[in-house]
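Structure first, commentary second.
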Amino acid sequence: MLQSKGKTVLALLGHSKGGDSVVTYAAKYDDIPKVVNVSGRFHLDKGITSRFGKDIFDRLKKEKRIQAHDVTASSGPDGWTLTEEDMNARLSHNMTAICRAIQKCSVLTIHGGADKTIPVEDAHEFTKYIKHHHLVVIEGASHNYNGAEHSKEMIQIAVDFMTAV
């Protein structure tokens with residue numbers, strides 16, 4: 001898709017939900033050589049109530065949209081709007097099928113070994129279903145790669161992968 005707009009795209013990188021988005025892009029278009037999935041979630045039905053509260057589905061059904069606050073985040077945005085449509089879209093994604101659809105693109109998943117937002121086990125699931133997949137787990141790193149050591153390591157791994165011939 002991007003190349004049809006006159007763009008030369010060598011790689012895409014996304015973190016967390018963005019990681020799932022770049023994997024989904026690769027499955028749909030398979031027109032870029034490399035994707036970096038940083039701390040993406042494989043099991044999209046997991047982690048919802050722990051992040052948004054046990055009553056999240058009832059609140060969304062009643063209100064259709066709510067101001068969400070991630071109770072597991074130690075830093076980052078204070079909140080955002082979560083809609084019932086967003087939640088339904090998340091739950092309708094079949095990551096197994098999405099990953100199996102990637103045929104040409106090479107995918108690197110980087111995940112923090114101490115990630116409390118998305119378990120490192122999710123990273124291993126991508127390996128099972130993506131044909132050309134590499135996995136790097138950064139021991140001790142959190143979901144947001146807090147600390148200079150972990151963030152520098154994650155960035156270097158991603159850059160090395162994206163620029164390798």
Side-chain angles (χ1 to χ4, degrees), residues 1-2 11-29 32 35-102 105 107-130 133-155 157-158:
M1 178 187 89
L2 293 170
L12 291 177
L13 181 146
H15 173 258
S16 197
K17 183 178 179 180
D20 294 333
S21 296
V22 297
V23 168
T24 301
Y25 178 93
K28 184 173 181 178
Y29 299 104
I32 52 173
V35 159
V36 181
N37 165 26
V38 181
S39 301
R41 185 180 291 278
F42 188 89
H43 297 289
L44 297 173
D45 59 328
K46 304 291 185 205
I48 296 169
T49 57
S50 63
R51 288 181 71 204
F52 304 114
K54 292 180 181 179
D55 63 342
I56 186 63
F57 294 105
D58 291 335
R59 289 178 16 226
L60 283 172
K61 187 173 183 135
K62 179 181 175 187
E63 300 171 34
K64 303 298 183 212
R65 61 179 40 233
I66 60 166
Q67 278 305 113
H69 300 277
D70 186 348
V71 296
T72 65
S74 59
S75 64
D78 187 34
W80 65 95
T81 301
L82 178 66
T83 67
E84 185 178 33
E85 182 181 2
D86 294 334
M87 187 62 72
N88 290 337
R90 173 184 173 144
L91 294 173
S92 72
H93 277 75
N94 178 339
M95 288 306 286
T96 299
I98 288 168
C99 290
R100 285 184 173 151
I102 302 170
C105 183
V107 178
L108 169 65
T109 295
I110 305 171
H111 209 96
D115 190 333
K116 292 182 178 152
T117 303
I118 299 175
V120 71
E121 290 80 16
D122 276 44
H124 293 279
E125 292 296 309
F126 289 102
T127 299
K128 293 179 185 178
Y129 303 106
I130 298 175
H133 187 265
H134 312 280
L135 172 61
V136 176
V137 176
I138 300 176
E139 292 305 324
S142 67
H143 184 69
N144 291 320
Y145 300 84
N146 296 336
E149 178 186 325
H150 293 136
S151 59
K152 285 180 183 178
E153 185 177 356
M154 182 270 295
I155 291 166
I157 291 166

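Just so it is clear, the model here is predicted, and its values are computed rather than measured.
Atom-to-atom distance recorded for E139:CD and E153:CD is 9.5 Å, nearest 0.5 angstrom. Atom CD1 in I102 sits 8.0 Å away from atom OG1 in T24 (nearest 0.5 Å). Here CG of L108 is found 11.5 Å from CZ of F126. Values are rounded to the nearest 0.5 Å. H133 contributes atom NE2, which lies 6.5 Å from atom CG of N37 (distance to the nearest 0.5 angstrom). Remark: R51 CZ to L82 CG distance equals 9.0 Å, nearest 0.5 Å. Distance check: S151 OG to N146 CG gives 8.5 Å after rounding to the nearest 0.5 Å.
The salt bridge (charged side-chain N to carboxylate O under 4.0 Å, His left out) pairs that include a residue from residues 119-128 are E125-K128, where partners are two or more places apart or lie in different chains.
Residue D20 comes nearest to R41 through the heavy atom pair OD1-O, 2.6 Å, listed as atom of the first residue, atom of the second, then distance. What you find for A158 and V36 is that their closest heavy atoms are CB-CG1, 4.2 Å. Heavy-atom minimum distance, H150 versus G140: CE1-O, 3.2 Å. Closest non-hydrogen pair, L135 versus A123, comes out as CD1-CB, 3.6 Å.
Using the six-membered ring where Trp is involved, H143 and H15 have ring planes that are tilted, between 30° and 60° apart. Y129 and F42 have parallel rings, their planes meeting at less than 30° on a 0 to 90° scale where 60° marks the start of perpendicular.
When the side-chain hydrogen bond (donor to acceptor under 3.5 Å, both in side chains) test is applied to R65, no partner is found at least two apart in sequence or on another chain. Considering only residues two or more places apart in sequence or on other chains, K152 meets the side-chain hydrogen bond (donor to acceptor under 3.5 Å, both in side chains) condition with none of them. Taking E85 as the reference, nothing meets the salt bridge (Lys or Arg N to Asp or Glu O under 4.0 Å) condition, with sequence neighbours excluded. Residues meeting the side-chain hydrogen bond (donor to acceptor under 3.5 Å, both in side chains) test with K64, sequence neighbours left out: E84.
You'll find the side chain of S39 stays beyond 4.5 Å of the side chain of T117, heavy atoms only. Residues L91 and I48 have side chains in contact (heavy-atom distance under 4.5 Å, counting atoms from C-beta outward). Between I118 and H111 there is a side-chain heavy-atom pair separated by less than 4.5 Å. For the pair I110/I138, a side-chain contact is recorded, criterion being any heavy-atom separation below 4.5 Å from C-beta on.
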| said: As a quick check of understanding, evaluate side-chain contact (heavy atoms from CB on, under 4.5 Å) for Y29 and C105, giving each step before the final call. | reply: CA-CA 10 Å; Y29 299 104; C105 183; over 6 Å; no
| message | I'd like to know whether V35 forms a side-chain contact (heavy atoms from CB on, under 4.5 Å) with V107, so could you lay out the CA-CA distance, the side-chain angles of the two residues, the decisive distance to 0.1 Å, and finally the verdict. | response | CA-CA 5 Å; V35 159; V107 178; 4.2 Å; yes
| said: Test side-chain contact (heavy atoms from CB on, under 4.5 Å) on D86 and R90; report intermediate values, then the result. | reply: CA-CA 6 Å; D86 294 334; R90 173 184 173 144; over 6 Å; no
Which donor-acceptor pairs under 3.5 Å do side chains of residues 52-60 form with protein atoms, sequence neighbours excluded?
residue, atom, partner, partner atom, Å
D55, OD1, R59, NH1, 2.9
R59, NH1, F52, O, 3.2

